Peer 1: 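Have a look at this one.
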Amino acid sequence: MVFKNMEEGTTFTLRNQDQELTDFGKEEIEEFLDDLFVTPDQFVVLTAPKALGQQIRYVQACIHDGEEDVETELGIEGEDGTRLYCKMCTDEECVCIFLDFFDGKLVVDRSEYEPVAF
């Protein structure tokens, strides 16, 4: 499935099922993820104001009930829209992905990710 590319914004956005923040730092990202790690069937999405390195527009994570690892997804923009790619990772790896993305330093090996099937 291909999603419509998002319009450019002015700031990062951090969102979960309870709230959305536009003024935050690394501590809030880590707090949102810590909540995710202890409460299954929740999500966290960190969206950049525009696509960053490797055309990544957002990262998101969720844990499905009964799973130990975190499903971490990348929203990668292309000319024809945004596609989702995912991989299962540890809590620590998920935090690193989010913080590196926030710092503009995220570099991923696309071979580690699979297209998300709907």
Side-chain angles (χ1 to χ4, degrees):
M1 174 175 266
V2 180
F3 298 94
K4 182 179 175 182
N5 286 341
M6 301 167 66
E7 292 185 26
E8 286 192 15
T10 57
T11 184
F12 274 87
T13 303
L14 180 64
R15 180 171 62 96
N16 65 13
Q17 59 285 344
D18 296 322
Q19 59 184 321
E20 183 173 308
L21 305 176
T22 56
D23 184 20
F24 60 91
K26 292 179 182 182
E27 287 182 15
E28 288 83 3
I29 294 170
E30 291 181 27
E31 287 173 13
F32 272 47
L33 290 171
D34 285 343
D35 287 344
L36 168 76
F37 299 149
V38 297
T39 310
D41 295 327
Q42 295 194 44
F43 66 88
V44 176
V45 182
L46 178 61
T47 305
K50 64 180 182 178
L52 301 178
Q54 296 181 285
Q55 292 305 105
I56 301 170
R57 184 57 185 272
Y58 56 87
V59 294
Q60 58 189 27
C62 64
I63 299 177
H64 302 287
D65 198 17
E67 292 183 359
E68 290 183 23
D69 289 335
V70 182
E71 181 175 324
T72 304
E73 300 177 348
L74 307 175
I76 300 179
E77 286 188 355
E79 289 182 24
D80 61 339
T82 301
R83 289 181 165 73
L84 282 179
Y85 296 88
C86 71
K87 77 172 188 173
M88 300 304 285
C89 58
T90 64
D91 296 0
E92 295 82 14
E93 186 179 10
C94 178
V95 170
C96 287
I97 290 169
F98 271 73
L99 295 180
D100 285 351
F101 180 66
F102 187 62
D103 285 339
K105 299 177 184 176
L106 181 62
V107 177
V108 297
D109 179 352
R110 291 271 301 272
S111 68
E112 295 178 1
Y113 290 79
E114 297 182 12
V116 174
F118 289 93

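Predicted, not measured: the structure shown is a model, and the values here were computed from it. Computation of the quantities below employed the complete heavy-atom set of this structure, encompassing side-chain atoms and omitting hydrogens, waters and symmetry-equivalent molecules.
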Peer 1: Going through the checks in order, is the side chain to side chain contact (heavy atoms under 4.5 Å, CB included) test met by Val44 and Leu14?
Peer 2: CA-CA 7 Å; Val44 176; Leu14 180 64; 3.8 Å; yes
Peer 1: Using 0.5 Å steps for rounding, measure from the CG atom of Asn16 to the CG atom of Leu46.
Peer 2: 12.0 Å
Peer 1: For Val116 and Cys86, work out which heavy atoms get closest and say how close.
Peer 2: CG2-CB, 3.8 Å
Peer 1: Could you tell me which non-hydrogen atom of Leu36 sits nearest to which non-hydrogen atom of Ala61, and how far apart they are?
Peer 2: CD2-CB, 3.8 Å
Peer 1: Using side-chain heavy atoms (C-beta onward) and a distance below 4.5 Å, is Val45 in contact with Thr47?
Peer 2: yes
Peer 1: Might you work through the salt bridge (charged side-chain N to carboxylate O under 4.0 Å, His left out) test for Glu112 and Lys87, ending with a clear yes or no?
Peer 2: CA-CA 7 Å; Glu112 295 178 1; Lys87 77 172 188 173; 2.8 Å; yes
Peer 1: Do Gln54 and Val107 come close enough that some side-chain heavy atom pair is under 4.5 Å?
Peer 2: yes
Peer 1: Got Thr22 and Phe12 here, is their nearest side-chain heavy-atom distance under 4.5 Å?
Peer 2: no
Peer 1: If you define the side chain from C-beta out and look only at heavy atoms, does anything of Ile76 sit under 4.5 Å from Arg110?
Peer 2: yes
Peer 1: Spell out, yes or no, whether Leu99 and Leu21 are grouped together once hydrophobic residues are joined by side-chain heavy atoms under 4.5 Å, including indirect joins.
Peer 2: yes
Peer 1: Does one hydrophobic cluster hold both Tyr113 and Met88, with members joined at side-chain heavy-atom distances below 4.5 Å?
Peer 2: no
Peer 1: Among pairs that include at least one residue of residues 70-80, which meet salt bridge (charged side-chain N to carboxylate O under 4.0 Å, His left out), considering only residues two or more places apart or in two chains?
Peer 2: Arg57-Glu77, Asp80-Arg83
Peer 1: Where do Lys4 and Thr82 come nearest, in terms of heavy atoms and distance?
Peer 2: O-OG1, 4.2 Å
Peer 1: Tell me whether Gln19 at atom CD has more than 12 heavy atoms from other residues, nucleotides or ligands lying less than 6.0 Å away.
Peer 2: yes
Peer 1: So do the side chains of Lys26 and Asp103 get within less than 4.5 Å of each other, counting heavy atoms only?
Peer 2: yes
Peer 1: By the ring pair (Phe, Tyr, Trp, His ring centres under 6.0 Å) test, which pairs, at least two apart or in different chains, include something from residues 23-44?
Peer 2: Phe24-Phe102
Peer 1: Would you indicate whether the side-chain heavy atoms of Thr11 and Pro49 approach each other to under 4.5 Å?
Peer 2: no
Peer 1: I'd like to check Ile56 versus Leu106 (side-chain heavy atoms, cut-off strictly below 4.5 Å). Are they in contact?
Peer 2: yes
Peer 1: Step through the shown structure and confirm whether more than 12 heavy atoms of other residues, nucleotides or ligands are within 6.0 Å of CG on Asp109.
Peer 2: yes
Peer 1: CG/Asp69 to CD/Glu93 distance, rounded to the nearest 0.5 angstrom?
Peer 2: 9.0 Å
Peer 1: Which atom pair, heavy atoms only, marks the closest approach of Val59 to Phe101?
Peer 2: CG2-CD2, 3.8 Å
Peer 1: Between Leu52 and Tyr58, is there a shared hydrophobic cluster once you connect ILVMFWY residues whose side-chain heavy atoms come closer than 4.5 Å?
Peer 2: no
Peer 1: Please name the pair of heavy atoms, one in Gly75 and one in Leu84, separated by the smallest distance, quoted to 0.1 Å.
Peer 2: CA-CD2, 4.0 Å
Peer 1: With a 4.5 Å cut-off on side-chain heavy atoms, are Glu114 and Tyr85 touching?
Peer 2: no
Peer 1: Which of these, Val95, Ile63, Ile97, Leu33, sits in a side-chain contact (heavy atoms from CB on, under 4.5 Å) with Val70?
Peer 2: Ile63
Peer 1: For atom CD of Glu28, is the number of surrounding heavy atoms from other residues, nucleotides or ligands below 6.0 Å larger than 12?
Peer 2: yes
